[in-house]
There are 2 protein chains.
Amino acid sequence: MSITIQVNANLYLKDPRSSDIGIKMLLEGIDLINALGFEAFTFKKLAQNIHSTEATIYRYFENKHNFLLYLINWYWEIIAYRLILATANIEDTRHKLSNCITVLTGLPDPAQLGFIPDELSLKQLVIQESGKALHTKSVDDENQVGIYLLYKSIVSTVSAYVKQLNPSFPYPEMLISNLIENANQQRFFSVHLPRLTNSTPEKDTVEAFSQLIIQKVLE
Amino acid sequence: MSITIQVNANLYLKDPRSSDIGIKMLLEGIDLINALGFEAFTFKKLAQNIHSTEATIYRYFENKHNFLLYLINWYWEIIAYRLILATANIEDTRHKLSNCITVLTGLPDPAQLGFIPDELSLKQLVIQESGKALHTKSVDDENQVGIYLLYKSIVSTVSAYVKQLNPSFPYPEMLISNLIENANQQRFFSVHLPRLTNSTPEKDTVEAFSQLIIQKVLE
DNA sequence: CAAAAATAATAGTATAACTATCATGATTGA
DNA sequence: TCAATCATGATAGTTATACTATTATTTTTG
């Protein structure tokens, strides 16, 4: 399996991870977007929070849409890495697939946190805001320059296991992209519209649902 | 037979369906949002397109967010009505459920269109923009005043059939809300990120996928 | 230590998202 | 039928956002 982990350079003007202030932008940006929502989030507010200026942030990111895309991409980098860990040295494809579903739809194991100071905040941001990053008129341009390569490669890799285990199942990519998107959606529902789901923040059943669907599909 | 499809009164200041210019707002609004995307859509542009003024639109809608919520609610009213038609005079629960899945995840039958001049445009808008309406900081306030009652009642009704057919399945609401959301998501993918799905605009397989999942869950 | 690069401080522009006011044309109801 | 009411149009104004531009100052690096 080969999942390419690469920061897409089209998302920034200057790599924020190359400087202290850039990293502060990212980390404080995550918290600020989570606190305010992406609509009310502005570079001006972010600049104030990191004791810097709008102009400095604009030297790193063309606009706030790209800032959001960057953060989401960062999330997917972490997931891609976790997928590699979760499938390394495992022979059985069924077992590999199950581990992938855990990574893609489960809650991150607190013991394994630590790629960035607060990975759970980043996941929260993805749950809350990733739909807004995707559903824009610019999605085709972004796809053109490779922004979604990582996401596509993850879906491709995991759906390949499904194909291997049940070659007659006609919708492997749809199944995997569905389970990934559903995980975020159901966690949003569990907080804001609980009657639409059977998962709660206290007893999260999203992964169990996902594993069950996989099992049924492979039967 | 005349059916009044009524949208939640908290979404407007003055019922747009009570006047010609209000109806023009809605219909032209659908086209304009589809053409520009919700971010670039403004009341000023809408006013120009219907040869009216911003002030007039603001007399109907508090803001453009509520305008979007109104349109999405309108869509769900139509779906709710279709669900009633699709389950009327059918005894068999399995058959009822299957018909509901068709309404919720299939493409509308062109022969049955006609609630408004262009229902397909409204569906397109929902596919493209409904995530933005939901994922805001105001979702809890909106839920409080009943904006999502219709959506919740649809999920509740359909998931009740699932419960009846398989009382041991632990995630009926999650299953139905998943299939509903997935239908929009996959159709978005089929246009913009085709490698994430197995449906295409030419050969739409979203309903087939949904029916298959239901079948597997009930087995 | 000097040159270059990065950042801060500040100002400015265009547009969006409203709010306010007043005139005018259409509707209604006594 | 006429006056009162109401909806709409025309116009102006306010605040905030999403940038762009300029210059000064600090930091880094060769």
Side-chain angles (χ1 to χ4, degrees), chain A residues 9-29 32-71 129 132-133 135-138 141-142, chain B residues 9-29 32-71 129 132-133 135-138 141-142:
Chain A
N10 293 295
L11 286 178
Y12 53 79
L13 299 170
K14 180 185 151 99
D15 183 4
R17 268 176 277 187
S18 70
S19 74
D20 284 357
I21 200 151
I23 288 168
K24 273 167 82 181
M25 272 174 218
L26 298 176
L27 299 182
E28 186 61 34
L32 203 56
I33 291 173
N34 278 332
L36 304 175
F38 185 64
E39 291 79 6
F41 166 83
T42 67
F43 278 176
K44 191 171 192 172
K45 290 172 189 165
L46 176 56
Q48 281 163 356
N49 279 36
I50 61 172
H51 306 104
S52 181
T53 63
E54 261 186 295
T56 296
I57 298 173
Y58 275 105
R59 242 170 262 117
Y60 285 84
F61 295 99
E62 217 174 322
N63 50 54
K64 75 173 194 168
H65 176 69
N66 279 18
F67 184 76
L68 178 60
L69 284 176
Y70 185 99
L71 292 177
E129 314 292 350
K132 294 169 198 166
H135 290 87
T136 57
K137 287 286 159 187
S138 56
D141 298 332
E142 286 145 11
Chain B
N10 293 296
L11 287 176
Y12 54 78
L13 300 170
K14 180 183 151 104
D15 183 3
R17 268 175 278 185
S18 67
S19 73
D20 284 357
I21 199 150
I23 289 168
K24 275 166 82 180
M25 271 173 218
L26 298 176
L27 300 182
E28 186 60 36
L32 203 56
I33 291 173
N34 278 332
L36 304 176
F38 184 64
E39 290 81 6
F41 166 84
T42 68
F43 278 176
K44 192 171 194 174
K45 290 173 189 166
L46 177 56
Q48 282 163 355
N49 279 36
I50 62 173
H51 305 106
S52 181
T53 63
E54 259 186 294
T56 297
I57 298 173
Y58 275 105
R59 248 173 250 117
Y60 285 83
F61 295 99
E62 217 174 321
N63 51 53
K64 74 173 195 168
H65 176 70
N66 279 17
F67 184 75
L68 178 60
L69 284 175
Y70 184 100
L71 293 177
E129 314 292 352
K132 294 169 200 169
H135 291 88
T136 57
K137 288 283 159 188
S138 56
D141 298 333
E142 286 145 11

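Reminder, nothing fancy here: chain letters follow the sequence lines and each chain counts from 1.
Going from atom CZ of A/F61 over to atom P of D/dT20 covers 15 Å, rounded to whole Å. The CD atom of A/Q48 sits 12 Å away from the P atom of D/dA16 (whole-angstrom rounding). Atom CG in B/D20 sits about 12 Å away from atom C1' in D/dA7, given to the nearest Å. Rounded to whole Å, atom C1' of C/dA9 lies 15 Å from atom CD1 of A/I50. For B/K64 and C/dC18, the NZ to P distance is 9 Å, given to the nearest whole Å. If you take CD of B/E54 and C1' of D/dT14, they are 13 Å apart, rounded to a whole angstrom. For the pair B/L13 CG and D/dT8 P, the interatomic distance rounds to 13 Å; values are reported in whole Å. Following rounding to the nearest Å, A/I57 (CD1) and C/dA6 (P) show an atom-to-atom distance of 17 Å.
With DNA chain D read from its 5' end, the first of the two nearest nucleotides for B/H51 and A/N63 is the one closest to B/H51.
For the pair A/I57 and A/K44, the minimum side-chain heavy-atom distance is 4.5 Å or more. Taking the side chain as every heavy atom from C-beta outward, A/E54 and A/T42 never approach each other to under 4.5 Å. Side-chain atoms of B/H135 and A/E129, non-hydrogen and from C-beta on, never get closer than 4.5 Å to each other. Between A/N49 and A/K24, the closest side-chain pair of non-hydrogen atoms is not below 4.5 Å.
The aromatic rings of A/F43 and A/F41 lie perpendicular to each other, with more than 60° between the two planes, well past the 30° mark.
An OP1 or OP2 oxygen of C/dT7 is reached within less than 4.0 angstrom by no side-chain nitrogen or oxygen of A/T53. Between A/S52 and C/dT7, a side-chain N or O to OP1/OP2 separation shorter than 4.0 Å is absent.
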Atom pairs, protein N/O to nucleotides 21-30 of chain D N/O, distance under 3.5 Å:
none

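Residues of residues 38-46 of chain A that place a heavy atom closer than 4.0 Å to DNA chain C do not occur.
B/K45 places a side-chain N or O within 3.5 Å of a backbone atom of B/A40 that can act as its donor or acceptor partner.
Look at A/E39 and B/K137 and you find no salt bridge, because none of the NZ, NE, NH1 or NH2 atoms lies under 4.0 Å from a carboxylate O.
Partner of B/F67 under the ring pair (Phe, Tyr, Trp, His ring centres under 6.0 Å) criterion, chosen from B/F61, B/Y12, B/Y60: B/F61.
Comparing C/dA17, D/dG9, C/dT7 against the side chain of B/T56 picks out D/dG9 as the nearest.
For the residue pair A/E28/A/H51, the side-chain donor-acceptor check at 3.5 Å is not satisfied.
Among the heavy atoms of the strands lying under 4.0 Å from B/Y60 are primed sugar atoms or P, OP1, OP2 only; no base atom is included.
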